[in-house]
Protein chains: 2
Amino acid sequence: MLSLGETIRKLREEKELPLRTVAAFLDIDQAILSKIERGQRNANREQVVKLAEFFKIKESDLLVSWLSDKLVYEIADEDVALKALQVAEEKVKYNKSKK
Amino acid sequence: MLSLGETIRKLREEKELPLRTVAAFLDIDQAILSKIERGQRNANREQVVKLAEFFKIKESDLLVSWLSDKLVYEIADEDVALKALQVAEEKVKYNKSKK
DNA sequence: TTTGTTTTGAATGATTATGTCAAAAATACA
DNA sequence: TGTATTTTTGACATAATCATTCAAAACAAA
């Protein structure tokens, strides 16, 4: 259950690439990428899509990783975090069924 | 499966109170409360707590409603919304077990 | 109409997101 | 060691988003 940051750091290190190379592909400063990999910054959607392209992995997998990180972050301090996630699931299912 | 806004509007109308009264208790402009009830604005945590107090309902129930609304909002446009919620659940469970 | 309530939108202020840059710290390795 | 390379950090800038206020418009009831 890796975070987005852990995932892309692992991929980058497997290929023995410096931050610079990946950051250039994303068209951002390497400092930002460093922070993304360590979870100090959030990537945005566009960056996630580009990362999937760069590493040739399934875009939806990386989006799930990114979105779930954001969700966890949003409720991390709440006692009712799990319950909120479950209710959110029901709401999404309901919205989908009626749309 | 009511949203926070629908919930508090229902409660307010049952008691036949104007926005003004509830807004005064929350110490906000009634325009904001109107928007919160209609889902055009997000309440903040403090407001949710006060709303539970005002309507004498369980605080955690209203917090769940509020948090789940926020979660749904955050992923509403994504194809992988459900998957992201499920992965987020696993991450929360994992974090809890290791803490 | 008159009165009270609710909704809307423009304007403003606050907060968050995003990025750059340069220096410090860590790492690799001749 | 010393030097080059890479990574991390933090100060700063700017843009985008969000929250709030206010007044006016729209609505509802008497």
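In what follows, chains are A, B, ... by sequence order, proteins preceding strands, each numbered from 1.
- Looking only at side-chain heavy atoms (C-beta outward), A:F54 and A:L11 stay at 4.5 Å or farther from each other.
- For the pair B:E37 CD and C:dT5 P, the computed distance is 14 Å after rounding to whole Å.
- When the C1' atoms of four end pairs are superposed on the next four at each end of the helix from C:dT1-D:dA30 to C:dA30-D:dT1, using five pairs per end, the two resulting axes differ in direction by 30°, to 10°.
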- Item | Verdict with reasoning, B:K70 to B:L67, per side-chain contact (heavy atoms from CB on, under 4.5 Å) | CA-CA 5 Å; B:K70 289 208 297 178; B:L67 283 170; 4.1 Å; yes
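- To the nearest angstrom, P of C:dA14 lies 16 Å from CG of B:N44.
- Ionic pairing of A:E14 and A:K10 is present here: one or more N-O contacts between side-chain nitrogen and carboxylate oxygen are shorter than 4.0 angstrom.
- Rounded to a whole Å, the NZ atom of A:K50 is 14 Å from the P atom of C:dT18.
- Atom-to-atom, CG of A:N42 to C1' of C:dT18 comes out at 11 Å; the value is rounded to the nearest Å.
- Of the residues in residues 4-33 of chain B, those lying under 4.0 Å from DNA chain D by heavy-atom distance are B:D29, B:A31, B:I32.
- Of the side-chain N and O atoms in B:R38, none sit less than 4.0 angstrom from OP1 or OP2 of C:dT6.
- Salt bridge absent: A:E78 and A:K83 never bring a charged side-chain N and a carboxylate O closer than 4.0 Å.
- Look at CH2 on A:W66: it is 13 Å from C1' on C:dA17, rounded to the nearest Å.
- The closest donor-acceptor contact from the side chain of A:Q47 to the backbone of A:N44 lies under 3.5 Å.
- Residue A:I36 contributes atom CD1, which lies 11 Å from atom C1' of C:dG19 at whole-angstrom precision.
- Taking CE of A:M1 as the start and OG1 of A:T7 as the end, the distance is 10.0 Å to the nearest 0.5 Å.
- A heavy-atom distance below 4.5 Å is found between the side chains of B:E6 and B:S3.
- One can place CD of B:Q47 at 16 Å from P of D:dC18, the figure rounded to the nearest angstrom.
- Contact annotation: A:S34 does not reach the phosphate of D:dT7 (side-chain N/O to OP1 or OP2, under 4.0 Å).
- A:D69 and B:K91 are joined by a salt bridge, as a carboxylate oxygen and a charged side-chain nitrogen come within less than 4.0 angstrom of each other.
- A:L33 is listed as a side-chain neighbour of A:I8, based on a closest heavy-atom distance under 4.5 Å.
- Between A:K35 atom NZ and D:dT9 atom C1' there is a gap of 6 Å when expressed in whole angstrom units.
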